[in-house]
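One structure is given below, encoded as structure tokens.
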Amino acid sequence: MLVTVLLVAIGWHSARSGVGGLGWGLLATVFASGIPIAYILGGVRRGRLTDHHVRIREQRRIPLLVGITSAAGGLALLAALGAPRPVLALVAAGVVGLVVAVSVSHWWKMSIHTAVAAGALVVLASTLGAGLLAGSPLLVLVGWSRVRLGDHTVGQVLAGAALGALVAVTVYTPLR
């Protein structure tokens, strides 16, 4: 959900026409989250995945690869159609983040939830103003919830947050 809101907000903000920007954000959402979520939900229905959070690390590889492929294909389509640069930068950052997550998750279950939350915070602050860093306590709540639910250790949450922020700073910010 956070990816969808972020893509729509960045699309809206980056286009000359808010309505046109909304379209770019929604199109990006189809590839960045819609197709990957549909794949995961289908895997749960068929019994190949235990749940929509893909809690079992060994089950994460294929859904993450589907996410990378979908987002990369969406990025190519968005570029060909002339999407605004910030939308392209955001999808590119998502692809890079997923590549790192796939590489790491083979050995360790880093928190992708906190990676996305930290990346979103940095993207919003760099796009709309540093005042949005006041939302940092929300990132702490996301991390706390992942540990409290027993899905991650503190180290996995901190690593995810660091990855998300680093990708946003090194990929999104220079490309936008």
Side-chain angles (χ1 to χ4, degrees), residues 1-44 49 52-54 60-105 110-133 135-136 138-139 142 160-176:
M1 181 61 135
L2 181 56
V3 172
T4 298
V5 171
L6 184 61
L7 282 164
V8 168
I10 295 303
W12 182 273
H13 182 266
S14 65
R16 295 182 197 271
S17 158
V19 175
L22 179 64
W24 288 117
L26 290 172
L27 180 59
T29 296
V30 168
F31 292 95
S33 63
I35 292 171
I37 291 295
Y39 177 83
I40 289 170
L41 293 177
V44 171
L49 302 173
H52 72 281
H53 287 292
V54 194
R60 285 181 147 197
R61 185 180 184 129
I62 300 300
L64 287 170
L65 290 173
V66 167
I68 290 169
T69 303
S70 178
L75 179 60
L77 178 63
L78 289 162
L81 295 174
R85 197 169 167 99
V87 173
L88 296 173
L90 185 53
V91 176
V95 170
V96 170
L98 280 172
V99 167
V100 174
V102 166
S103 302
V104 171
S105 71
M110 179 175 41
S111 175
I112 295 173
H113 284 90
T114 55
V116 171
L121 186 62
V122 171
V123 165
L124 289 171
S126 69
T127 303
L128 304 174
L132 287 171
L133 290 174
S136 295
L138 295 174
L139 174 58
V142 170
L163 170 67
L166 182 64
V167 168
V169 166
T170 60
V171 178
Y172 174 78
T173 302
L175 292 179
R176 72 177 173 97

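If you read the sequence from its start, that first residue is 1, and numbering goes on from there.
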Return the minimal non-hydrogen interatomic distance between Met110 and Ala101, and the atom names on each side. CE-CA, 4.1 Å
Is Arg85 reaching over with its side chain to a backbone N or O of Leu175, donor-acceptor style, under 3.5 angstrom? yes
Please evaluate residues Val91 and Phe31 with respect to the criterion side chain to side chain contact (heavy atoms under 4.5 Å, CB included), reporting the C-alpha separation (whole Å), side-chain torsions for both, the decisive distance (0.1 Å), and the verdict. CA-CA 9 Å; Val91 176; Phe31 292 95; over 6 Å; no
Residue pairs fulfilling side chain to side chain donor-acceptor pair (under 3.5 Å) with at least one residue in residues 25-37, sequence neighbours excluded: Thr4-Ser33
Would you please name every residue forming a side-chain hydrogen bond (donor to acceptor under 3.5 Å, both in side chains) with Thr127, sequence neighbours left out? Tyr172
Smallest heavy-atom separation, Leu163 atom then Ala115 atom, equals CD2-CB, 4.5 Å
Can you tell me how far the CG atom of Leu133 sits from the CG atom of Leu124, to the nearest 0.5 Å? 9.5 Å
Looking only at atom types and distance, does a side-chain atom of Arg60 sit under 3.5 Å from a main-chain N or O of Val54, one as donor and one as acceptor? yes
Within this structure, what is the CG-CH2 distance for the pair Leu81 and Trp24, rounded to the nearest 0.5 Å? 5.0 Å
Quick one: closest heavy-atom pair of Pro63 and Ile40, and the distance? CB-CG1, 3.9 Å
Please name the pair of heavy atoms, one in Ser14 and one in Val87, separated by the smallest distance, quoted to 0.1 Å. OG-CG2, 3.8 Å
Judged by atom type as modelled, is there a donor-acceptor pair below 3.5 Å linking the side chain of Ser126 to the main-chain atoms of Val123? yes
Taking Ser70 for its side chain and Val66 for its backbone only, find out whether a donor-acceptor pair lies under 3.5 Å. no
Side-chain contact, heavy-atom cut-off 4.5 Å: Leu2 with Val142? no
Over all heavy atoms of both residues, which pair between Ala118 and Leu139 is shortest? Give the atoms and the distance, please. N-CD1, 3.6 Å
Answer yes or no: are there more than 12 heavy-atom neighbours, outside His52 itself, under 6.0 Å from its atom NE2? no
Minimal heavy-atom distance between Val30 and Pro36, with the atoms involved, is O-CD, 4.4 Å
Nearest 0.5 Å please: distance from the CG atom of Leu88 over to the CD1 atom of Ile10. 12.5 Å
To the nearest 0.5 Å, what is the distance between CG (Leu41) and CD1 (Ile37)? 6.0 Å
Contact check, side chains of Leu64 and Ile112, non-hydrogen atoms, under 4.5 Å: yes
Check the pair Leu166 / Val100 against side chain to side chain contact (heavy atoms under 4.5 Å, CB included), numbers first and verdict last. CA-CA 11 Å; Leu166 182 64; Val100 174; over 6 Å; no
